[in-house]
Amino acid sequence: MEYAFGEIEKKWQIKWNASNAYKVSNHSPKPKYYVLDMFPYPSGAGLHVGHPLGYIASDIYSRYKRLKGFNVLHPMGYDSFGLPAEQYAIDHGIPPAVSTEQNIATFRSQLDKIGFCYDWSREVRTSDKQYYKWTQWIFLQLFDSWFDRKVQKARRIAELKDIFVKEGNHQFVCPGDRNIHFTAAEWSGFKPKQQSEILMHYRLAYCGIGEVNWCEALGTVLANDEVINGVSERGGHPVVKKKLRQWYLRITEYAERLLAGLDTVEFSESMKEMQSNWIGRSYGAEIDFNIVSDEANFSSQRLKVYTTRPDTIFGIDFMVIAPEHELVSQIVSVGQTKEVTAYINYVNSRSERERMAEKKITGVFTGAFCQHPFENRKIPIWISEYVLAGYGTGAIMAVPCGDERDFKFAQHFKIPITNIIGNFYTGEEANPTKEAILHNSGFMNGLKMADAINIAIEKLESLGIGKRQTNYKMRDAAFSRQRYWGEPFPIVWKDDLALPLSEADLPLELPALNDLKPGPDAQGPLANLRDWVSHDGGTREVNTMPGYAGSSWYFLRYMDPQNDQEFCAKEASKYWGQVDLYIGGTEHAVGHLLYSRMWTKALFDLGYIHFEEPFKRLLNQGKIGGDSRIVYRIRGTKQFVSSGLKLQHETDELHVDVSMVDGLELNMDAFRKWKPDFSDASFITEDGKYICGSRQEKMSKRYFNVVNPDDIVQKYGADTFRMYEMFLGPVEQDKPWDTKGIEGVHRFIKKFWRLFYDAEKGLLVTDDVPSNEAWKAFYKMLKKVEDDTEKFSFNTAVSSFMIGLNELTDLHCHSKELLQKFLVVLSPYAPHVSEELWNAIGCSGSVLDAVYPEVEKEYLIETSKEYPIAINGKTRTTMMLALDITQDQIEQLVMQEPVVQKWLEGKQPKKIIYVKNKMINVVI
RNA sequence: GCCCGGGUGGUGAAAUUGGUAGACACGCAGGACUUAAAAUCCUGUUCGCCGAAAAAGCGAGUGCGGGUUCAAGUCCCGCCCCGGGCACCA
């Protein structure tokens, strides 16, 4: 019987489906294990061979865990809200709901062909109202919460109100505006609207005016992680700063816990590093300086700066404030007014991109000065764009001898530089050391800088002119989008107050809308729906939520996907707990992962779940690159020259579809038929063959290098495809796709099949007792495969299968007793062929529910080893020696070895090194 | 500029704590079976030297240059290149 993978795979996919083979229960005596893939955005392009890499890895691991006796949750769904569907609707007039539905159908059929063990009864779609009902609900919980910094935990707004009524806010600094202070009496005297505005400054999901990343081309604001080098991550459109009313998540309040949580999870070091860089914690101090001026009106003003190096306070030569700083308008002297105005205009004329692209040193003196707190000297205050308004206090104390930017600024404007670090400062460049001994530094003279930092802060605090301060680079996340295809906010505005809908009103459904043109005043398309907007004497919020809303909590919904009373029953989240293994790409390092970590922490604080880190272990799969094929057209002609001869002509390079190329050899007929332009193409060949050039690049339609998994499965079968993707190399690593190599894995499965079936004789499997050699080959393989699967080294596991099979084939092993164990071990990797053969040899039940075999160590015990014999570290020969041999015996035997004798030339060796089970080295 | 990864045959890649570099495959070359092809099987395949060839042998070899060690792809120091992240964050 032949290995008819097409029939076999189809047959078992249907049977498994019919028998609910992958349905998972929330009730089981078995230990649980949760394996999750980052769910895909169902794009119109469908899957290419790069996408399933992580899915195959997680599928193998899920099946392996199941065989090991775990109750494994392994779900899949779709992140189906998002911009591309909306853009597609605008371009083609197909509503997002419709195109999304079609795309999901394509994805599903592609996924099904690969034979994944997903429990599809748990599928979620973020654009499904049964799902986004709970996204809206969680939003309302965040809206109804604030962060208590004392206990580092979210609490309810009602509790905050009680506190305000009793004692005002002196114990709880307002995170939205720390200048807001009030007593209990004042609070009670505030009008409802004032109270509401203050509460908004505390909420974890809040609405406020702020500088946002506005992308004109996309017609929406973007979160910081969606902007890369001043352009949008999606589409590469320019992004500008703009002041707008937006919704935000107060993720900055969780900065400390997001950092601390990294120590409790198994993410790669680089992943942790990216997250902690993004959070960007720094320790330092805020220091107040009195502003002095000949002009009397600002004698009472103070300038607050943030510094991480208060130890350098005696090295201040000037102050710099951001162009947007509120003091700018107040402190400028009459004489400098004109220049300052000109400079501010210049700064405003520069876009974010220009600022980043050309880092010019620019600035202007305000005419005002600060008084140095410890020395009787005046410090000039400058304005410069190198100081950012949004970080720290928007003002710095400049110490040019220790800071590169300050140094360059001082040089550029010829400001004299004070040296406080002696020989550590050369006058050539700044030295940011903490090791130097302080000079010219008053009470800190003679101290090492690293030690002086604390002393300086304590002194400043005791004088009441400074305090210890920790800052973070991370900003609150913009949470609203001026687009249609997203979750509507369950908020109604009445008299400028944001009123939440009640739970009973959820879901607030996204209304149907044919024309997706933007609303007035940079509002989203929903603003055009007057009837919908007008609600209960107020107006509905017309923004929608961003892509990361639905994806921040989807792993919880899988645990209890049909629940219409709760987002997830507590028993369900208690049973499944954290995701044990999460597999996905690194591109979500700071976006999705930080947001879902924050949501999880908030839900934990509010008592809805019992764990605060969503993902216990994260495995990042690498990207699979495309392998493009290039043809060379002689310039201005329709003649194409083969790669080896192209240097003889002036040519233009064109990408050709990889499906028309076998290896590097172009199918010239197919090429002529490809596009009308090429119908009369002629070729200059090498030995009658047209050889293409090749190039590794992104797998993308425009390079014609996309390989569809459907085609591979059609040609070689899903089992081959699965194993080949793993065989390509380590999962975490980026690698190019090369279809040619798949033959090796395909041959492996065919060869495996021949262990069971012969083309003429039929079934070969016997009831013979396997030989010791066969058991040894098998258990050696089992041990390696098991170890490798545990550590996600799937590529070496596939190699081990090949080695094991080669050995068993050589031993002519057809024993059912052994082969049925082999089938179990292979089944996570190649489930279809394993199930087929499992049934063919008369095993009961399904291989999916078999018991994973245990290594029988007695077959692996070795008594001797072929030792490499090295002379001065260089291997010259080998010797078969007993493992329990002693050093003395070794020395005797080695000295008799002819090759060793040859190298010794009659001399005595200096010593003989013997490392048991490793090697022997003769030192001459 | 700073912080992470990574550089091993023609290709994808293996290589516990330093211990036979190149497993397993692809490709290529030669051969067997076949009328032929497909499929399958066998042999060879890091480079160089020596040789008619084979065997054997010798030398070099894991980006480059040093070092530690009986022994280095693996550890240390200095550089080069590639990929990713961050980038006026005081």
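Please read these numbers as outputs of a predicted model, since none were measured by experiment.
Evaluation of the salt bridge (Lys or Arg N to Asp or Glu O under 4.0 Å) test over residues 910-924 of chain A, restricted to residues two or more places apart or in two chains, returns none.
Residue contacts for L388(A): at a heavy-atom cut-off of 4.0 Å it reaches a base atom on one of the strands shown. Within 4.0 Å of K902(A), counting heavy atoms only, lie sugar-phosphate atoms of the nucleic acid but no base atom. Nucleic acid contact for V305(A): none, since no nucleic acid atom lies under 4.0 Å from a heavy atom of the residue. Using a 4.0 Å heavy-atom cutoff across all strands shown, D406(A) reaches no nucleic acid atom at all. Backbone-only contact: W903(A) has heavy atoms under 4.0 Å from sugar-phosphate atoms and none from a base.
The listed nucleotides are A90(B), A14(B), A25(B); the one nearest the side chain of N806(A) is A25(B). Here the side chain of K473(A) is nearest to one of C88(B), C86(B), G19(B), namely C86(B). Comparing A90(B), C86(B), G59(B) against the side chain of R876(A) picks out G59(B) as the nearest. Among the nucleotides G19(B), C24(B), A14(B), the one closest to the side chain of K918(A) is G19(B). Out of A25(B), A13(B), G27(B), the shortest distance to the side chain of N795(A) is found at A13(B). Nearest nucleotide to the side chain of T796(A), out of C26(B), A90(B), A15(B): A15(B).
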Inset, instruction - Could you run through nucleotides 1-11 of chain B and give me one letter per nucleotide, 5' to 3': B if any protein heavy atom sits under 4.0 Å from the base, S if only the sugar-phosphate is that close, - if neither? - result: --SS-------
Legend entry - Sequence-aligned protein contact record of nucleotides 45-50 of chain B, with B where the base is within under 4.0 Å of a protein heavy atom and S where only the sugar-phosphate is: ------
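When base pairs are accepted only as Watson-Crick or G-U wobble with both N-N or N-O distances under 3.5 Å, RNA chain B takes part in stems of 3 or more pairs at B:1-7 with B:80-86, B:10-12 with B:24-26, B:27-32 with B:40-45, B:46-49 with B:57-60, B:63-67 with B:75-79.
Applying the side-chain contact (heavy atoms from CB on, under 4.5 Å) rule to N224(A) yields the partners N213(A), W278(A), R475(A); only residues at least two apart in sequence or on another chain are considered. Taking the side-chain contact (heavy atoms from CB on, under 4.5 Å) definition, one finds that E428(A) meets it with T426(A), sequence neighbours left out. With sequence neighbours left out, D317(A) forms a salt bridge (charged side-chain N to carboxylate O under 4.0 Å, His left out) with no residue at all.
Of the residues in residues 394-402 of chain A, those placing a heavy atom less than 4.0 Å from an atom of RNA chain B are I396(A), in numerical order. RNA chain B is contacted by G744(A), R747(A), K750(A), K751(A), R754(A) of residues 742-758 of chain A, taking any non-hydrogen atom closer than 4.0 Å.
In this entry the distance linking CD of E725(A) with C1' of G12(B) reads 13 Å, nearest Å.
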For a quick test of your reading: what N or O donor-acceptor pairs under 3.5 Å do the side chains of residues 872-881 of chain A make, sequence neighbours left out?
residue	atom	partner	partner atom	Å
N872(A)	OD1	I924(A)	N	2.9
T878(A)	OG1	E866(A)	OE2	3.2

Donor-acceptor pairs are to be reported for all side-chain atoms of residues 733-745 of chain A against protein atoms at under 3.5 Å, with residues two or more places apart or in another chain.
residue	atom	partner	partner atom	Å
D734(A)	OD1	K623(A)	N	2.7
K735(A)	NZ	P730(A)	O	2.8
K735(A)	NZ	Q733(A)	O	2.8
W737(A)	NE1	T739(A)	OG1	2.6
D738(A)	OD1	K740(A)	N	3.2
E743(A)	OE2	Y716(A)	OH	3.3

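Taking the six-membered ring for Trp and thresholds of 30 and 60 degrees, F413(A) and W382(A) have ring planes inclined between 30 and 60 degrees apart.
Comparing A23(B) with U11(B), their P atoms sit 15 Å apart, to the nearest whole Å. C75(B) and C82(B) have their P atoms separated by 23 Å, given to the nearest Å.
Under a 4.0 Å N-O distance rule, the pair D787(A)/K791(A) does not qualify as a salt bridge.
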Contacts under 3.5 Å, N or O only, protein and nucleotides 65-75 of chain B:
residue	atom	partner	partner atom	Å
C70(B)	O2'	N921(A)	ND2	3.1
C70(B)	O2	N921(A)	ND2	2.6

